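Presented below is the structure to which this report refers.
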There are 2 protein chains.
Amino acid sequence: MKMSAGVEWAVHCCVVLSQADGPVPAQRLADFHGVSRTYLAKHLQQLSRAGLVRSTEGRVGGYALTRSAEEISVLDVVLAIEGREPAFRCTEIRQNGPLPATGEVCRRPCGIARAMYAAEDAWRASLAAVSVADLATGVEEDTGAQTFVRLRGWLATG
Amino acid sequence: MKMSAGVEWAVHCCVVLSQADGPVPAQRLADFHGVSRTYLAKHLQQLSRAGLVRSTEGRVGGYALTRSAEEISVLDVVLAIEGREPAFRCTEIRQNGPLPATGEVCRRPCGIARAMYAAEDAWRASLAAVSVADLATGVEEDTGAQTFVRLRGWLATG
DNA sequence: CAAACGCGGATAGAAAATGTCTGAGTTGAT
DNA sequence: ATCAACTCAGACATTTTCTATCCGCGTTTG
Ligand code: FES
Ligand code: FES
């Protein structure tokens with residue numbers, strides 16, 4: 001029951017991309033966060049496959065958001081990295097053993113699975129309520145308005 | 001971001017124990033669910049360490065709930081098996097790179113972590129609202145009132 | 001054409017989950 | 001009291017997953 005560390009990297013990258021003017025290469029994103037470039041590239045490819053970022057190839061290529069930061073929720077990023085399968089998986093062990101549940105009952109998920117899925121729905125709803133733009137404003141409130149100014153400067157000159 | 005399969009086993013066992021009169025051996029629980037006895041024992045030990053079940057050794061030993069089924073929530077079982085650590089772990093990569101966050105800001109968790117923790121709190125609240133007794137009544141509604149009667153019979157004679 | 005960049009697969013290493021084993025301790029019957 | 005059977009508990013392998021890296025290929029800019 002633990003989340004991949006790549007989720008944090010991806011969210012941080014989305015916040016950075018929301019403040020960038022043009023495409024940002026994976027090398028620059030990796031240097032900014034102090035993480036492995038090759039491994040971060042894997043996660044960026046997953047974001048690309050999920051349609052959250054667009055990749056431009058070639059000499060001055062890089063990554064950029066496909067929509068505005070307000071339209072990208074944290075849930076979108078988490079699902080792109082961790083996958084859309086629910087964390088809990090009912091293996092239907094109620095059908096095992098000496099007193100198995102009959103086939104008619106098993107057409108709908110069992111009570112245990114229903115409770116687990118309801119909890120995951122609440123989790124997803126909470127993450128869907130926060131957008132990348134909200135995170136960016138939070139960063140400005142925490143570290144000051146000049147943070148992103150310096151970030152844009154570093155992205156341009158670096 | 002996936003949950004251990006042992007969680008399902010543990011929850012099923014708690015539902016069975018809520019309907020048992022005396023202590024139930026791990027062998028009986030494993031046979032009833034059609035799973036490995038030795039591996040299930042490991043999870044039952046975790047429940048024992050968490051204080052949810054009590055183990056009695058000896059010739060007629062086994063496991064029994066320490067409190068009433070109404071007082072045991074699904075969240076208690078999940079935390080006993082999966083551990084109490086949150087799924088998301090902030091590795092503080094905001095302190096890396098060329099523009100690191102200064103030490104003063106980092107005393108409180110960053111915005112990303114706050115959003116993740118809020119979502120996990122919602123998840124836990126949803127699981128805490130469901131008790132083992134609720135699951136048992138759900139099983140009776142799904143499979144009929146005679147289900148647990150036959151279960152008690154199998155536990156006694158088996 | 002050369003340099004920089006993204007993409008995908010192949011390849012290891014580390015960590016965690018899964019599954020099994022043997023021993024210590026307790027209980028009940030003899 | 002002794003014995004034997006049954007139990008739990010922790011230590012021990014096995015398998016899968018995550019993490020991380022590397023190289024070759026196609027693309028774009030200069
Ligand atoms: S049968 Fe076990 S959770 Fe559905
Ligand atoms: S610094 Fe990355 S989530 Fe807190």
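All values reported here derive from a predicted model rather than from experimental measurement. First the proteins, then the strands, lettered A, B, ... as listed; each starts at 1.
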Please report how far the helix from C:dC1-D:dG30 to C:dT30-D:dA1 bends, comparing the axis fitted to its first five pairs with the axis fitted to its last five, to the nearest 10 degrees.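 Nearest ten degrees gives 10° for this helix.
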
Could you verify whether a donor N or O on one side chain and an acceptor N or O on the other, from B:Ser131 and B:Asp134, lie under 3.5 Å apart?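 Present: a donor and an acceptor within the cut-off.
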
Using the test side-chain hydrogen bond (donor to acceptor under 3.5 Å, both in side chains), find all partners of B:Gln27 that sit at least two apart in sequence or belong to another chain.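 side-chain hydrogen bond (donor to acceptor under 3.5 Å, both in side chains) list for B:Gln27, sorted by chain: B:Asp31.
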
Only counting residues at least two apart or in another chain, list the ones meeting side-chain hydrogen bond (donor to acceptor under 3.5 Å, both in side chains) with A:Thr143. A:Thr147

First and last nt of DNA chain D near chain A, cut-off under 4.0 Å to heavy atoms, 5' to 3', are D:dT19 to D:dT29

Of B:Met1 and B:Gln27, whose closest DNA chain D nucleotide lies nearer the 5' terminus? B:Gln27

Report the residue (A:Trp9 or B:Arg37) whose heavy-atom-nearest nucleotide on DNA chain D is the more 5′ of the two. B:Arg37

Is there a side-chain contact (heavy atoms from CB on, under 4.5 Å) between B:Leu47 and B:Ile81 once you walk through the steps? CA-CA 7 Å; B:Leu47 293 181; B:Ile81 302 297; 4.1 Å; yes

Starting from the C-alpha separation in whole Å, work towards a yes-or-no answer on side-chain contact (heavy atoms from CB on, under 4.5 Å) for B:Met116 and B:Cys90. CA-CA 9 Å; B:Met116 294 291 187; B:Cys90 169; over 6 Å; no

Positional range of nucleotides in DNA chain C within the contact set of chain B, heavy-atom, under 4.0 Å: C:dT18 to C:dG28

For a quick test of your reading: what N or O donor-acceptor pairs under 3.5 Å do the side chains of residues 3-12 of chain A make, sequence neighbours left out?
unit_1, atom_1, unit_2, atom_2, d
A:Ser4, OG, A:Gly6, N, 3.1
A:Glu8, OE1, B:Thr91, N, 3.0
A:Glu8, OE1, B:Thr91, OG1, 2.7
A:Glu8, OE2, B:Thr91, N, 3.4
A:Glu8, OE2, B:Thr91, OG1, 3.3

Which residues in residues 49-62 of chain A have at least one heavy atom lying under 4.0 Å from any atom of DNA chain D?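 Those residues are A:Glu57, A:Gly58, A:Arg59, A:Val60.
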
When we call it a touch if two heavy atoms are under 4.0 Å apart, what does B:Ala5 touch: a base, just sugar-phosphate, or nothing? sugar-phosphate

For A:Asp142, what residues pass the salt bridge (Lys or Arg N to Asp or Glu O under 4.0 Å) criterion, not counting sequence neighbours?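 Partners of A:Asp142 under the salt bridge (Lys or Arg N to Asp or Glu O under 4.0 Å) test: B:Arg114.
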
With B:Glu120 via salt bridge (Lys or Arg N to Asp or Glu O under 4.0 Å) - residues at least two apart: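 Scan of B:Glu120 (salt bridge (Lys or Arg N to Asp or Glu O under 4.0 Å), adjacent residues dropped) gives B:Arg124.
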
If you look only at distance, which donor and acceptor atoms sit under 3.5 Å apart when one is on a side chain in residues 95-103 of chain A and the other is two or more places apart or in another chain?
unit_1, atom_1, unit_2, atom_2, d
A:Gln95, NE2, A:Glu92, OE1, 3.2
A:Asn96, ND2, B:His33, O, 3.4

Using only atom types and a distance under 3.5 Å, with no angle test, would you say the side chain of A:Arg152 pairs donor to acceptor with the backbone of A:Gln19? yes

According to salt bridge (Lys or Arg N to Asp or Glu O under 4.0 Å), does anything in residues 10-22 of chain A pair up with another residue at least two apart or in another chain? List the pairs. none

Under 3.5 Å, sequence neighbours excluded: what are the donor-acceptor pairs made by side chains of residues 52-61 of chain B?
unit_1, atom_1, unit_2, atom_2, d
B:Thr56, OG1, B:Gly62, N, 3.3
B:Thr56, OG1, B:Gly62, O, 3.3

Transitive ILVMFWY side-chain link B:Val105 to A:Phe32, under 4.5 Å: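 Hydrophobic grouping puts B:Val105 apart from A:Phe32.
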
Which comes earlier along DNA chain C counting from the 5' end, the contact point of A:Tyr63 or that of B:Lys2, where each point is its nearest nucleotide?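 That would be A:Tyr63.
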
